[in-house]
Protein chains: 2
Amino acid sequence: MDTTGEVGSFFKSAFSVDNVIFGFDGGDLKVLLIQRGQAPFKDKWALPGDLVYPNEDLDTAAERVLEQLTGLRGVYLEQVKTFGAVNRHPLGRVITVAYISLIKISNYTVTAASFAQSAQWHTIDKVGDLAFDHNEILESCLRRLKRKVRTAPIGFELLPPKFTLTELQQLYDSVLQLPKRLDKRNFRKKILSMNLLVECPEMQEGVAHRPAKLYKFDREKYLQLMNEGFVFDI
Amino acid sequence: MDTTGEVGSFFKSAFSVDNVIFGFDGGDLKVLLIQRGQAPFKDKWALPGDLVYPNEDLDTAAERVLEQLTGLRGVYLEQVKTFGAVNRHPLGRVITVAYISLIKISNYTVTAASFAQSAQWHTIDKVGDLAFDHNEILESCLRRLKRKVRTAPIGFELLPPKFTLTELQQLYDSVLQLPKRLDKRNFRKKILSMNLLVECPEMQEGVAHRPAKLYKFDREKYLQLMNEGFVFDI
DNA sequence: GAACTTATTGTTATTTTCACACCAATTACC
DNA sequence: GGTAATTGGTGTGAAAATAACAATAAGTTC
């Protein structure tokens with residue numbers, strides 16, 4: 001959220017959106033943060049966000065924030081929770097609607113946005129003190145992600161279109177952070193038995209060991225199964 | 001939501017809370033609606049709600065709306081989703097934060113609030129056309145309730161402190177509205193095996209058939225089990 | 001070709017889920 | 001006071017899902 005100046009002088013009350021943008025680099029779950037250039041909380045890391053324009057829907061505002069920062073459109077976006085403590089913003093009454101977005105980290109390039117030079121991926125469990133109530137917002141969104149990734153096929157949003165089963169499992173392991181990692185054989189059996197993955201003809205390349213099969217997520221198939229009452233569950 | 005007059009004259013943008021108050025009368029899941037006295041949507045049924053005061057937290061506003069209407073305090077309240085379509089309110093830009101509350105219907109008395117004479121319980125699947133986007137809000141909250149009632153022990157909030165297993169099952173049946181009712185024997189086995197219910201010494205009274213045992217929900221026990229990693233699931 | 005690294009695959013025991021029917025206790029009515 | 005009516009309460013077996021577990025295969029590097 002970056003509301004310096006406007007708040008207090010223009011709105012009696014205002015609403016903003018804040019965007020928890022998740023990415024996965026093959027090892028860790030990451031969140032995209034920006035470093036604030038002005039007071040309040042100058043130099044602190046914060047969630048990207050903005051005031052909602054007078055003629056803008058909430059979802060549209062969240063899409064805009066995401067696109068301005070990453071250049072990406074049409075990505076997964078989900079409203080999570082609204083934060084409205086009276087004093088959460090030092091310059092006035094601003095309630096903020098928190099969104100999760102899930103992007104393929106390789107699609108993101110630092111050069112996409114005007115303020116992108118101050119944006120940076122942070123490993124999820126190494127995020128320090130954030131501006132405003134953004135630590136609380138991040139917590140909420142992470143909890144939501146942990147639940148949702150098990151009950152809807154949204155993990156694929158964080159992976160490239162073609163991925164190996166090991167990559168998929170690593171994704172689940174780093175999102176869920178369970179005391180024990182998932183069992184490799186059981187995980188493969190379960191995910192393949194859903195018939196939501198299609199095998200690609202080509203194989204993984206550029207690795208110094210046996211290359212793995214590549215798979216794609218079959219969204220058509222998922223929608224079809226949904227209609228028949230299928231419930232995704234890992 | 002009842003914002004006539006203030007909107008447009010006072011706020012450039014405003015936020016409100018709307019409260020989906022659920023109750024259960026032994027047969028059907030119900031929602032408490034009020035009939036609007038003024039334009040817009042005069043005479044239409046609507047969710048109870050109000051603008052959030054400048055120095056009021058969102059949760060506090062939801063509690064206030066609930067208390068003004070029902071006289072009840074300290075009941076279950078959960079934020080669900082925020083609705084912010086540009087034209088959702090005909091008199092100005094108002095985004096609204098939707099809450100669920102669960103109350104014991106027998107605790108509610110029509111006389112509790114000033115505008116209570118226009119409030120009435122409606123069976124959930126006989127709710128007609130509501131004011132604003134309140135049908136959409138109700139849908140969202142009902143979906144949330146259906147999910148949450150299976151994964152957290154919140155069903156008890158809708159029942160009197162002492163209840164029979166049949167009453168509990170009827171509650172689940174009417175909330176979930178599954179194609180088939182739950183199996184009596186399996187339901188009882190499952191709920192009792194959680195060890196969250198304690199048997200009361202007295203029995204059901206005033207029924208023209210074999211009286212059932214009464215049970216209470218043991219909240220202490222639940223919190224203790226939670227800490228040990230127990231997950232409520234029906 | 002030997003060492004190294006990751007990919008791939010199946011079995012068994014345990015637990016959970018699901019389907020299913022009869023006797024018990026009380027009231028209402030004759 | 002007996003009989004009908006109503007709901008309360010209980011157990012078992014089959015099927016499915018879960019969980020625990022290790023050896024071989026296919027590449028790369030040196």
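Chain letters run A, B, ... following the sequence lines, proteins first and then strands; every chain starts at 1.
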Residues A/Glu167, A/Lys213; criterion salt bridge (charged side-chain N to carboxylate O under 4.0 Å, His left out); working and verdict: CA-CA 11 Å; A/Glu167 285 166 347; A/Lys213 288 181 194 163; over 6 Å; no

Any N/O pairs under 3.5 Å between the protein and nucleotides 27-30 of chain D? List them or say none.
unit_1 : atom_1 : unit_2   : atom_2 : d
D/dT28 : O4'    : A/Ala208 : O      : 3.4

Contact check, residues 168-185 of chain B vs DNA chain C, heavy-atom distance under 4.0 Å, returns B/Asp183, B/Arg185

Have a look at A/Lys189 and say if it touches a base, only the backbone sugar-phosphate, or nothing, with a 4.0 Å heavy-atom cut-off. base

Look at all strands and tell whether B/Thr164 reaches a base, only sugar-phosphate, or nothing, counting heavy atoms closer than 4.0 Å. nothing

Assess whether side chain to side chain donor-acceptor pair (under 3.5 Å) is satisfied between B/Gln224 and B/Tyr222, documenting all intermediate values. CA-CA 5 Å; B/Gln224 180 200 319; B/Tyr222 173 64; over 6 Å; no

For A/Ala212, is there any backbone N or O sitting under 3.5 Å from a side-chain donor or acceptor partner on A/Gln204? yes

Donor-acceptor contact below 3.5 Å, side chain A/Gln35 vs main chain A/Ala119: no

In whole Å, I'd like the distance from the [atom1] atom of [X] to the [atom2] atom of [N].
X        : N      : atom1 : atom2 : value
A/Asn186 : D/dA22 : CG    : P     : 13 Å
B/Arg188 : D/dT7  : CZ    : P     : 13 Å
A/Phe187 : D/dA20 : CZ    : P     : 16 Å
B/Leu165 : D/dT10 : CG    : C1'   : 12 Å
B/Glu167 : D/dG8  : CD    : C1'   : 12 Å

Pair [X]-[Y], side-chain donor/acceptor within less than 3.5 Å:
X        : Y        : answer
A/Thr123 : A/Lys30  : yes
A/Arg188 : A/Thr166 : yes
A/Ser174 : A/Asp28  : no
A/Lys104 : A/Asn107 : no

Once ring pair (Phe, Tyr, Trp, His ring centres under 6.0 Å) is applied, do any residues pair with A/His209, and if so which ones, sequence neighbours excluded? none

NZ (A/Lys216) with more than 12 external heavy atoms under 6.0 Å: no

Please, which pairs that meet ring-ring contact (aromatic ring centres under 6.0 Å, His included) have at least one residue in residues 154-185 of chain A, sequence neighbours excluded? A/Phe156-A/Phe163, A/Phe156-A/Phe217, A/Tyr172-A/Phe187

B/Val149 versus B/Leu176: any side-chain heavy-atom pair under 4.5 Å? yes

State, to the nearest 10°, the angle formed by the axis through the first five base pairs of the helix from C/dG1-D/dC30 to C/dC30-D/dG1 and the axis through its last five. 10°

Under a 4.0 Å heavy-atom criterion, DNA chain C is touched by chain A from C/dT5 to C/dT11

Rounded to the nearest 0.5 Å, the CG atom of B/Asp57 sits from the CG atom of B/Asp59 at a distance of 7.0 Å

